[in-house]
Amino acid sequence: SMQRKMMLAIGLLLGLFLSANVITLDSLQKQENARHWASHTYRVLLQIDTVERVAQSRQVGARGFMLSHSPSELELFYRSSGELGQRIAELRRLLLDNPLQQTRLDKVESMAARWRDEVLKHAINPLRRLDLTDPDSSRQRQRIQADYMQQRTVRTEDLFVVLDQMAGEESRLLGERNRQLDLTLSRTKAISAVT
């Protein structure tokens, strides 16, 4: 009968409408998830950059003290050393979801601690004990610096290599997440057009 055909047509339209809504809601949820992870990746990249900047500042302080024996350079070294630990801890919190990046961060933390210990033991502490009124202090300073260069096992540049690997991985993840978001958006547009 005509009434039955109308009910069937309305039922099919209602089913199509509900299906389109469910698919759209699913797509919106995936888009929100992709945006969350893209935002997360940007935060990680910014934190990696901050860790690198603080490590450079610590290196500048150490080198400055080795060259000038300036207390302000030594203060920069100590302040940056403390801040570096905080920044690494913040980065670790952001990377809890990524075991590979956690392993790399362990390496960064280990190298940063070893660099600090070596520069203190072989350069800063011997230079602090140096008597600057001694006419031979310039030659002693050069000997201490040369000794440090021979004794060191970690360079700040080694630390930057691992941080660059971490940034590269995050950039790769960001690209992957952006491609996934583009795919979801395209699918949503196609479904909307069809329905």
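- Thr50 pairs by the side chain to side chain donor-acceptor pair (under 3.5 Å) definition with nothing, not counting sequence neighbours.
- Contact check for Met66 versus Tyr148: side-chain heavy atoms found under the 4.5 Å cut-off.
- Put simply, the side chain of Leu45 does not reach to within 4.5 Å of the side chain of Met166, judged on heavy atoms.
- Side-chain atoms of Arg155 and Trp115, non-hydrogen and from C-beta on, never get closer than 4.5 Å to each other.
- A 6.0 Å sphere centred on CZ of Arg187 holds more than 12 heavy atoms belonging to other residues, nucleotides or ligands.
- Taking all atoms of both residues into account, the shortest heavy-atom contact from Asn178 to Ala38 is OD1-CB, 4.4 Å.
- Shown here are the side chain to side chain donor-acceptor pair (under 3.5 Å) partners of Glu75, two or more places apart in sequence or in another chain: there are none.
- In the hydrophobic clustering, where aliphatic and aromatic side chains (Ile, Leu, Val, Met, Phe, Trp, Tyr) are joined below 4.5 Å either directly or transitively, Val60 groups with Leu76.
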* Dump the intermediate steps for side chain to side chain donor-acceptor pair (under 3.5 Å) on Glu118 and Thr153, then the final yes or no. => CA-CA 8 Å; Glu118 288 176 358; Thr153 60; 2.3 Å; yes

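- The side-chain heavy atoms of His69 and Arg141, taken from C-beta on, include a pair separated by under 4.5 Å.
- Listed for the Thr184 side chain is a donor-acceptor partner under 3.5 Å among the backbone atoms of Gln180.
- Annotation: side chain of Arg58 is not in contact with side chain of Tyr78 (no heavy-atom distance under 4.5 Å).
- The hydrophobic cluster around Leu18 extends to Leu14, counting ILVMFWY residues whose side-chain heavy atoms fall within less than 4.5 Å of a member.
- Arg92 pairs with exactly one of Gln101, Gln47, Gln102 by the side chain to side chain donor-acceptor pair (under 3.5 Å) rule, that one being Gln102.
- Once rounded to the nearest 0.5 Å, the distance linking CD1 of Ile10 with NZ of Lys5 reads 14.5 Å.
- Between Arg104 and Gln165, some side-chain heavy-atom pair lies under the 4.5 Å cut-off.
- Put simply, Met149 and Phe77 are part of the same group of oily side chains (I, L, V, M, F, W, Y) that touch within less than 4.5 Å, one to the next.
- Using a cut-off of 4.0 Å between Lys/Arg side-chain N and Asp/Glu carboxylate O, Asp136 and Arg139 are scored as salt-bridged.
- Under a hydrophobic clustering in which Ile, Leu, Val, Met, Phe, Trp and Tyr are joined whenever their side-chain heavy atoms come within less than 4.5 Å, directly or via other members, Leu174 and Leu94 fall into different clusters.
- Taking CZ from Arg129 and CD1 from Ile144, the interatomic distance works out to 8.0 Å, rounded to the nearest 0.5 Å.
- Note on Leu100: it does not cluster hydrophobically with Ile48, by side-chain heavy-atom contacts below 4.5 Å among ILVMFWY residues.
- Other residues, nucleotides and ligands contribute more than 12 heavy atoms inside 6.0 Å of the CD atom of Glu157.
- Distance check: His36 NE2 to Thr41 OG1 gives 9.0 Å after rounding to the nearest 0.5 Å.
- Residues satisfying the ring pair (Phe, Tyr, Trp, His ring centres under 6.0 Å) criterion with His40, sequence neighbours excluded, are Trp37.
- Taken together through direct or relayed side-chain contacts under 4.5 Å among Ile, Leu, Val, Met, Phe, Trp and Tyr, Leu127 and Leu67 form parts of separate hydrophobic clusters.
- Leu173 and Val51 are not part of a single hydrophobic cluster, where members link through side-chain heavy atoms under 4.5 Å apart.
- Residue Pro126 comes nearest to Ala123 through the heavy atom pair CD-O, 3.4 Å, listed as atom of the first residue, atom of the second, then distance.
- Asp158 CG to Arg152 CZ: the interatomic distance, rounded to the nearest 0.5 Å, is 8.5 Å.
- Heavy atoms only, all atoms of each residue included: Ile88 and Val108 are closest at CD1-CG1, 4.3 Å.
- The distance from atom CG of Leu84 to atom CZ of Arg116, rounded to the nearest 0.5 Å, is 9.0 Å.
- Two residues are said to be in side-chain contact when any heavy atoms from C-beta on lie closer than 4.5 Å; Leu74 and Arg128 meet this criterion.
- At a threshold of 4.0 Å, the pair Glu73-Arg63 does not count as salt-bridged, since none of the basic side-chain nitrogens sits closer than that to a carboxylate oxygen.
- A pairwise comparison of heavy atoms in Ala62 and Val119 identifies CB-CG2, 4.0 Å as the closest pair.
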* Please report the C-alpha distance between Leu159 and Glu52 in whole Å, then the side-chain angles of each, then the deciding distance to 0.1 Å, and finally whether the side-chain contact (heavy atoms from CB on, under 4.5 Å) criterion is met. => CA-CA 8 Å; Leu159 191 100; Glu52 192 167 307; over 6 Å; no

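- At a threshold of 4.5 Å between non-hydrogen side-chain atoms, the residues Asn21 and Phe17 count as touching.
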* Please walk me through it: do Asp26 and Lys30 pass salt bridge (Lys or Arg N to Asp or Glu O under 4.0 Å)? -> CA-CA 6 Å; Asp26 179 59; Lys30 287 179 179 174; 3.4 Å; yes

* List the steps, then state whether side chain to side chain donor-acceptor pair (under 3.5 Å) holds for Arg53 with Ser57. => CA-CA 6 Å; Arg53 183 182 45 78; Ser57 179; over 6 Å; no

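- Contact record, Phe65 with Ser70: CD1-O, 3.4 Å, taken as the closest heavy-atom pair.
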* Residues Arg87, Glu90; criterion salt bridge (Lys or Arg N to Asp or Glu O under 4.0 Å); working and verdict -> CA-CA 5 Å; Arg87 297 300 183 177; Glu90 289 172 28; 3.5 Å; yes

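- Using a 4.0 Å cut-off between a side-chain N of Lys or Arg and a carboxylate O of Asp or Glu, Asp117 and Lys121 do not qualify as a salt bridge.
- Using a 4.0 Å cut-off between charged side-chain N and carboxylate O, Arg172 and Glu176 make a salt bridge.
- Listed by chain and number, the residues in a side chain to side chain donor-acceptor pair (under 3.5 Å) with Asp49 amount to none (sequence neighbours excluded).
- Distance CG/Asn125 to CG/Leu130: 12.5 Å, rounded to 0.5 Å.
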